[in-house]
K.L.:
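One structure follows; several queries about it will come next.
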Amino acid sequence: MNEITLAPAPAPLIERLLSLTTDSALSENYACICARHEHGVRSVQIDQPTFGVVLRGAKRLHAKGADALSLSAGDMFMIARPCQLDAFNWPDDTGLYLTITMPICDEVIGAARMLWAQPVSQDGPDVLALPAQRMAPQLLAWADALRAGAYGPARAALADLLVQLCMLGHTGVLAPPPPTLAAQIRALVAAQPDRSWRSRDFEDALGLSGATLRRRLAAEKQSLLEVITEARLSCAMQLLYTTRWPVKTVAARVGYQSAPTFVRRFAQRYGLEPGHIGNAG
């Protein structure tokens, strides 16, 4: 593996990314993770590879079986494969924590795999720090393409970013993860988290019988109710970080009629109450 020299992202890149976070019209292409209280969350489920750059404050990520990764403003990181993470976030002296993340879709990974055209390894860490200085040209190209509404070039820039990562020896991001039924169900729920989901809905969508659905989930040590709840709470966390909606509104948007029930289940799952993120207006 090539030696990596880490350095914060150059100031022009940070300024460009900060300007993106204020444009809600482009926000479906990234997530602007914002918080105003120091806090930690446990066992956050990540289902797709994701780039991120810390713009304000500090962050620590810890994947099971690995050392914790500490990040400061200007640092770039990559979640290379589906996993569960513990995350800790600290606002800066102005009281704001801000990170921009870019989920990588299957089409971008497929394009990068074609560009790389070499064997890939399943090995490697789930989470790694990246040399933001080296990745700056691709990130700037991505940001500029988004600003121009050129979504094809924006995806091409992300594919180039993945190729740069492979050149550093981290080819595992291009290895397709083993498909899981739970991940498919979470994706369906995430598209409509407030829907009253029933087993028949997933059976119809995935072409499975009820018995097969239950058997396959049991083989993954999951239950349907657990997977639906996980997906709803994950959507709730995204809303808590990316909006300033009150907890009651977030609860309703992810299918909870009772805000106290939502708060209790969120706290049981992540180890903190939703209001402790401190992002509501």
K.L.:
Are Asp160 and Gln164 packed together at the side-chain level, in the sense that at least one heavy-atom pair is separated by less than 4.5 angstrom?
P.N.:
yes
K.L.:
Is there side-chain contact between Gln133 and Pro10, with at least one heavy-atom pair below 4.5 Å?
P.N.:
yes
K.L.:
Linking I/L/V/M/F/W/Y whenever any side-chain heavy atoms sit under 4.5 Å apart, do Leu139 and Leu115 land together?
P.N.:
yes
K.L.:
Parallel, tilted or perpendicular for Phe262 and Tyr256, by the 30°/60° rule?
P.N.:
tilted
K.L.:
Check the surroundings of atom CG in Asp67: do more than 12 heavy atoms from other residues, nucleotides or ligands lie under 6.0 Å from it?
P.N.:
no
K.L.:
Test of understanding: clusters of I, L, V, M, F, W, Y form through side-chain heavy atoms closer than 4.5 Å, transitively. Do Ile185 and Val44 belong to the same one?
P.N.:
no
K.L.:
Determine whether Leu188 and Leu206 make a side-chain contact, defined as any pair of heavy atoms from C-beta on separated by less than 4.5 Å.
P.N.:
yes
K.L.:
Passes side chain to side chain contact (heavy atoms under 4.5 Å, CB included), Leu181 versus Leu213? Steps please.
P.N.:
CA-CA 8 Å; Leu181 181 57; Leu213 183 79; 3.7 Å; yes
K.L.:
Less than 4.5 Å apart, side chain to side chain, heavy atoms only: is that true for His170 and Leu128?
P.N.:
yes
K.L.:
For side chain to side chain contact (heavy atoms under 4.5 Å, CB included), just list the numbers for Arg244 and Arg36, CA-CA rounded to whole Å, side-chain angles, deciding distance to a tenth of an Å, and then say yes or no.
P.N.:
CA-CA 11 Å; Arg244 301 198 69 181; Arg36 289 169 173 79; 3.9 Å; yes
K.L.:
Would you check if the side chain of Thr50 reaches a backbone N or O of Ile79 as a donor-acceptor pair within less than 3.5 Å?
P.N.:
no
K.L.:
When you measure from the side chain of Asp144 to the backbone N and O of Ala141, does any donor-acceptor pair fall under 3.5 Å?
P.N.:
no
K.L.:
Between Ala35 and Pro91, which heavy-atom pair has the shortest distance, and what is it?
P.N.:
O-CG, 4.4 Å
K.L.:
Quick one: CZ on Arg214 to CD on Gln222, what's the gap to the nearest 0.5 Å?
P.N.:
16.0 Å
K.L.:
Between Arg81 (side chain) and Gln122 (backbone), is there a donor-acceptor pair under 3.5 Å?
P.N.:
yes
K.L.:
Under the side chain to side chain contact (heavy atoms under 4.5 Å, CB included) rule, what do Tyr241 and Asn89 come out as? Steps first, then yes or no, please.
P.N.:
CA-CA 11 Å; Tyr241 277 127; Asn89 303 317; 3.3 Å; yes
K.L.:
For Pro103 versus Asn29, what's the shortest heavy-atom pair and its separation?
P.N.:
CD-O, 4.5 Å
K.L.:
Quick one: do Phe266 and Leu225 end up in the same hydrophobic cluster if we chain Ile, Leu, Val, Met, Phe, Trp and Tyr together by side-chain heavy atoms under 4.5 Å apart?
P.N.:
no
K.L.:
Is the closest side-chain heavy-atom distance between Trp90 and Arg60 below 4.5 Å?
P.N.:
yes
K.L.:
Please give me the minimum heavy-atom distance between Thr242 and Cys32, naming the atom from each residue.
P.N.:
CG2-O, 3.4 Å
K.L.:
So, Arg265 side chain and Leu233 main chain: donor-acceptor pair closer than 3.5 Å or not?
P.N.:
no
K.L.:
Do Leu272 and Leu239 land in one hydrophobic cluster if side-chain heavy atoms of ILVMFWY residues count as linked below 4.5 Å?
P.N.:
yes
K.L.:
If only atom types and distance count, is the side chain of His37 paired as donor or acceptor with the main-chain N or O of His276 below 3.5 Å?
P.N.:
yes
K.L.:
Below 30° counts as parallel, above 60° as perpendicular, anything between as tilted: where do the rings of Tyr30 and Trp142 land?
P.N.:
perpendicular
K.L.:
Any Lys/Arg nitrogen of Asp23 or Arg147 sitting under 4.0 Å from an Asp/Glu carboxylate oxygen of the other?
P.N.:
yes
K.L.:
If we ignore hydrogens and angles and just use 3.5 Å, is the side chain of Trp197 paired with the main-chain N or O of Gln192 as donor and acceptor?
P.N.:
yes
K.L.:
Hey, could you give me the CE/CG distance between Met114 and Leu174, rounded to the nearest 0.5 Å?
P.N.:
12.5 Å
K.L.:
Could you tell me the separation between the CZ atom of Arg155 and the CG atom of Leu161, rounded to the nearest 0.5 Å?
P.N.:
15.0 Å
K.L.:
Set out, in order, the CA-CA distance, both residues' side-chain angles and the distance that settles side chain to side chain contact (heavy atoms under 4.5 Å, CB included) for Arg134 and Met167, then state yes or no.
P.N.:
CA-CA 11 Å; Arg134 175 165 176 169; Met167 292 175 67; 3.8 Å; yes
K.L.:
Without swapping roles, check the side chain of Gln48 against the backbone of Ile104 for a donor-acceptor pair under 3.5 Å.
P.N.:
yes
K.L.:
Using the side chain to side chain contact (heavy atoms under 4.5 Å, CB included) rule, pick out the option among Ile14, Thr21, Val54 that qualifies with Ile100.
P.N.:
Thr21
K.L.:
Would Leu55 and Leu146 show up in the same hydrophobic cluster when neighbours are defined by side-chain heavy atoms closer than 4.5 Å?
P.N.:
yes
K.L.:
Just verifying a value: how many Å separate Leu240 CG and Ile277 CD1, rounded to the nearest 0.5 Å?
P.N.:
4.5 Å
K.L.:
How close do Asp201 and Ser196 get, counting heavy atoms only, and between which atoms?
P.N.:
OD2-O, 3.8 Å
K.L.:
Could you grab the distance from atom CG of Asp47 to atom CD of Gln184, nearest 0.5 Å is fine?
P.N.:
11.0 Å
K.L.:
Got a sec: does the CD of Gln257 have more than 12 other heavy atoms crowding it under 6.0 Å?
P.N.:
no
K.L.:
Without swapping roles, check the side chain of Arg186 against the backbone of Ala231 for a donor-acceptor pair under 3.5 Å.
P.N.:
no
K.L.:
How close do Ala132 and Gly74 get, heavy atom to heavy atom, and via which atoms?
P.N.:
CB-O, 3.9 Å
K.L.:
Is the shortest distance from a Lys or Arg side-chain nitrogen in Asp194 or Arg253 to a carboxylate oxygen in the other one below 4.0 Å?
P.N.:
no
K.L.:
Compare all side-chain heavy atoms of Met78 with those of Phe51 and state whether any distance is below 4.5 angstrom.
P.N.:
yes
K.L.:
Have Thr229 and Arg269 got a donor and an acceptor in their side chains that come within less than 3.5 Å?
P.N.:
no
K.L.:
Just verifying a value: how many Å separate Ser234 OG and Tyr270 OH, rounded to the nearest 0.5 Å?
P.N.:
4.5 Å
K.L.:
If you look at every heavy atom in Ile109 and Pro49, which pair is closest and at what distance?
P.N.:
CD1-CG, 3.7 Å
K.L.:
Check whether NZ of the Lys or CZ of the Arg Arg113 lies under 6.0 Å from the centre of the six-membered ring of Trp116 and within 45 degrees of that ring's axis.
P.N.:
no
K.L.:
Output yes when a side-chain donor or acceptor of Glu220 lies under 3.5 Å from a complementary backbone atom of Ala182, and no otherwise.
P.N.:
yes
